[in-house]
Enquirer: 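Got a structure for you, questions after.
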Number of protein chains: 2
Amino acid sequence: MVTMRDVAREAGVSKATVSYVVSGSSLISEKTAAKVRAAMEKLGYSVNHTARALSTAKTNAIGVVTSFRNNGACFDLSAGAYLYGIAAAARRHGYDTMLLTGDDGVEAIRSAALSRRVDGVVVLDVLIGDARVGALKESGIPAVMLGSPADSQGVDVVDSNFEAAAVSLVERLYDHGHRSILFIGWPEAVYERKLNYAVRFRASLMEACAMRGLRVGAVYAHDATLGASEVIPRALRDCPSATAMVIHNDAAVVGAPQAFERTGIRVPADLSVVTVMPDQLGEGMQIPFDSVGIDVDAVASHTVDRLVERIGDPEMSARVELLDQPMHVRGSVRAAHED
Amino acid sequence: MVTMRDVAREAGVSKATVSYVVSGSSLISEKTAAKVRAAMEKLGYSVNHTARALSTAKTNAIGVVTSFRNNGACFDLSAGAYLYGIAAAARRHGYDTMLLTGDDGVEAIRSAALSRRVDGVVVLDVLIGDARVGALKESGIPAVMLGSPADSQGVDVVDSNFEAAAVSLVERLYDHGHRSILFIGWPEAVYERKLNYAVRFRASLMEACAMRGLRVGAVYAHDATLGASEVIPRALRDCPSATAMVIHNDAAVVGAPQAFERTGIRVPADLSVVTVMPDQLGEGMQIPFDSVGIDVDAVASHTVDRLVERIGDPEMSARVELLDQPMHVRGSVRAAHED
DNA sequence: CTGAAAGCGCTTACAG
DNA sequence: CTGAAAGCGCTTACAG
């Protein structure tokens, strides 16, 4: 392995000088710098990341803490998208991305913080009452949660505005005259576990419906399957007054078209349908529903921006930022028939 | 930050002794060890990962090189599964997992290798003629490709046996009397880019059909969409003699049930259907087709096992391991009508 | 503008 | 069984 010493010797300067030209800092004469660069080139030198990290007490890496792989028995279709989005954003800031998986997020955070493996962490799969918030505070490691717990205790939060998404979907249906709707949610286990996005969206939806005097029937797609094909027909049978449907469950959204096809339900002629889901999934799957589309890359990117800012300034006051996501109109809503 | 020095002082021993009890190596008297452990406990000591890495020249991290996020314009449904599988397996071996993304995989490999950021790498999204193979050889970094290029040049390879999968699917159809089949593949861009699994499966499929005198029509799901709903009906119209279908395209498999529903095609009464896809996706989506199910966790785990082995023994001779995947029979194949 | 030197927090022969 | 010491490859005041 070629080190700074080798380069220094080759260029006839000191290690310090090499270090300065590598970091671009300090004012080294162009002449010396050229010599050093030539030597580096010749020897194929590359700075040793670990040594630099030890010396500067900066790893230039961020960690992604993700504990629950199957958010309650469901194959997470968007997990990859968030990871890639975070990694890409980190790279733009000159950071590497470390996957901090493990059953126990609290343990993962503690150990990452104590062993100084990363400069900061992004926490995924946030729960409404998330034990990891405490671990974050305690360890003092710079962190931002991609997801909003009930009490963020002064930890930064970035997420999509699921509350607003629910309201705008309900409004859209209400404005089209719908007065009885059906909500297709995640598997019950997801709510029991209290995954923030599920709980927040549902609560906001119920609230928005209550305020407007809308009737809501709720059904949960067990197994998070395209069990849509079983659940949806049954739900409609049980709640015949419903003229519209709100789906918050990626797998169910994907499966819904088949379910409608099978049961002979025409959208929007027989039923108006709206959803909230990752943009990419909607496009990739050519989902034909009006949707609040989550721009996963934008959310991930914003999260990393915030984390980098936090790493730079530990004293900065904490923020909770919920990003509004745009509505994509695809023609799956139409006016309810007057009764 | 509490260091070994602090612990040593607290316990009244030397740094070396602390180091030995931390690593469990050497024979420190139980009495001394207890004192040291008490001091560590009291002070909340945790070994500094970076310092250890510099000292041992081992980072205890592996990198995952993944260049193409959208394997040719398609939202990759299984990307997350592979990442999580790899991270979990790495963790079992005591390794962290670093995401090495970037447009240029060659550059990512070089830089990771030169800067000693990781002890080894897993390469994803392997192409048939993959430029990264050269970079791997050159850099000498321990590596295993999760995917099989045409020439692995002495680099280890682990992947699902897509060749065998194609053969067994064809055999299954052939044995049921099918003589004309339709192949629904990935978007053309995937084949143009020569992603290994796509090319390998298709080649093996064509070969297996040719050997048995089967007719094959091939259609590619543009946009990798659930464009299945457009592509499949058209394909069947264009090739009316087909009595069976093979799908290799995750999005198309997910969309296929709807397409059949819409066009009134009953499976298997009117058409036999077989696929190959990740197990988890098949289960999560309740795909009703006979499938070769890829056990992503098993493949990821085996890949990491191999990498750890390779890190331990750089001289070990390279292997190409293609893991056979099981066939899940779900009742989507039946005997072709005799003509 | 450049170099000598200390220091980052560990590990690991080597003495004792 | 335990400790003194050198070394891992950088960075960074501090002199000059």
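The chains referred to below are lettered A, B, ... by the order of the sequence lines, with proteins before strands, and numbering in each begins at 1. As the structure is a computational prediction, the values presented were derived from the model and not from experiment.
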Enquirer: To the nearest angstrom, how far is B:Ile28 atom CD1 from D:dC1 atom C1'?
Expert: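 These atoms are roughly 7 Å apart.
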
Enquirer: Determine, for A:Arg310 against A:Glu315, whether the closest basic-nitrogen to carboxylate-oxygen distance falls under 4.0 angstrom.
Expert: no

Enquirer: Which nucleotide, D:dC10, C:dT2, C:dT11, lies nearest any side-chain atom of A:Thr32?
Expert: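 Closest of the options to the side chain of A:Thr32: C:dT2.
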
Enquirer: Across all strands shown, which nucleotide pairs with D:dA13 by Watson-Crick or G-U wobble geometry, both distances under 3.5 Å?
Expert: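 In the structure as shown, D:dA13 has no Watson-Crick or wobble partner.
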
Enquirer: What is the distance, rounded to the nearest whole Å, between atom CZ of A:Arg52 and atom C1' of D:dC8?
Expert: 16 Å

Enquirer: Taking the side chain of A:Leu54 as its heavy atoms from C-beta onward, which of C:dC10, C:dC8, D:dC10 lies nearest to it?
Expert: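 Nucleotide nearest to A:Leu54's side chain: C:dC8.
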
Enquirer: Kindly point out which of C:dC10, C:dG3, C:dT2 is positioned nearest to the side chain of A:Val13?
Expert: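 The answer is C:dG3.
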
Enquirer: Quickly work out the A:Arg5 CZ to D:dT11 C1' distance and round it to whole Å.
Expert: 16 Å

Enquirer: Could you tell me how far apart B:His49 (NE2) and C:dC8 (C1') are, to the nearest whole angstrom?
Expert: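 So the two atoms are 16 Å apart, to the nearest Å.
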
Enquirer: Taking atom P of D:dC10 as reference, at what distance in whole Å does atom CE of A:Met40 sit?
Expert: 11 Å

Enquirer: Using residues 138-148 of chain A as the side-chain source, report each donor-acceptor pair under 3.5 Å to any protein atom, sequence neighbours left out, with the distance given to one decimal.
Expert:
from	atom 1	to	atom 2	distance (Å)
A:Ser139	OG	A:Ala135	O	3.1
A:Ser139	OG	A:Leu136	O	3.2
A:Ser139	OG	A:Ile141	N	3.3

Enquirer: Measure from CZ on A:Arg9 to P on C:dG3 and round the result to the nearest Å.
Expert: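 Rounded to whole Å, this separation is 14 Å.
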
Enquirer: Is any side-chain N of the basic residue among A:Glu30 and A:Arg37 closer than 4.0 Å to the acidic one's carboxylate O?
Expert: yes

Enquirer: I need the NZ-P distance between A:Lys58 and D:dC10, as an integer number of Å.
Expert: 19 Å

Enquirer: Who does D:dA4 pair with, Watson-Crick or G-U, both distances under 3.5 Å?
Expert: none

Enquirer: Can B:Asp130 and B:Lys194 be counted as an ion pair, charged N to O under 4.0 angstrom?
Expert: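 A salt bridge is absent here (no side-chain N lies under 4.0 Å from a carboxylate O).
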
Enquirer: If the cut-off is 4.0 Å, is B:Tyr20 near the phosphate of C:dA13, judged by side-chain N/O to OP1 or OP2?
Expert: no

Enquirer: Distance check: side-chain N/O of A:Ser29 vs OP1/OP2 of C:dT2, anything under 4.0 Å?
Expert: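 Yes.
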
Enquirer: Measuring only between side-chain heavy atoms, which start at C-beta, is A:Leu323 closer than 4.5 Å to A:His302?
Expert: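 The answer is yes, as the side chains (C-beta and beyond) meet within the 4.5 Å cut-off.
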
Enquirer: Heavy atoms only, 4.0 Å cut-off, all strands: where does A:Ser19 land among base, sugar-phosphate and nothing?
Expert: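 Touches a base.
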
Enquirer: Below the 4.0 Å mark, does D:dG3 have OP1 or OP2 next to a side-chain nitrogen or oxygen of B:Thr17?
Expert: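 Affirmative; the distance criterion is met.
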
Enquirer: For B:Met1 and C:dC8, what is the distance between atoms CE and P respectively, to the nearest whole Å?
Expert: 11 Å

Enquirer: Assign A:Ala16 to base, sugar-phosphate, or nothing according to its heavy-atom contacts below 4.0 angstrom with the strands shown.
Expert: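 Counting heavy atoms under 4.0 Å across all strands, the contact made by A:Ala16 includes a base.
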
Enquirer: Mapping B:Gly12 and A:Ser55 to their closest nucleotides on DNA chain D, which lands nearer the 5' end?
Expert: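 The 5'-side residue here is B:Gly12.
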
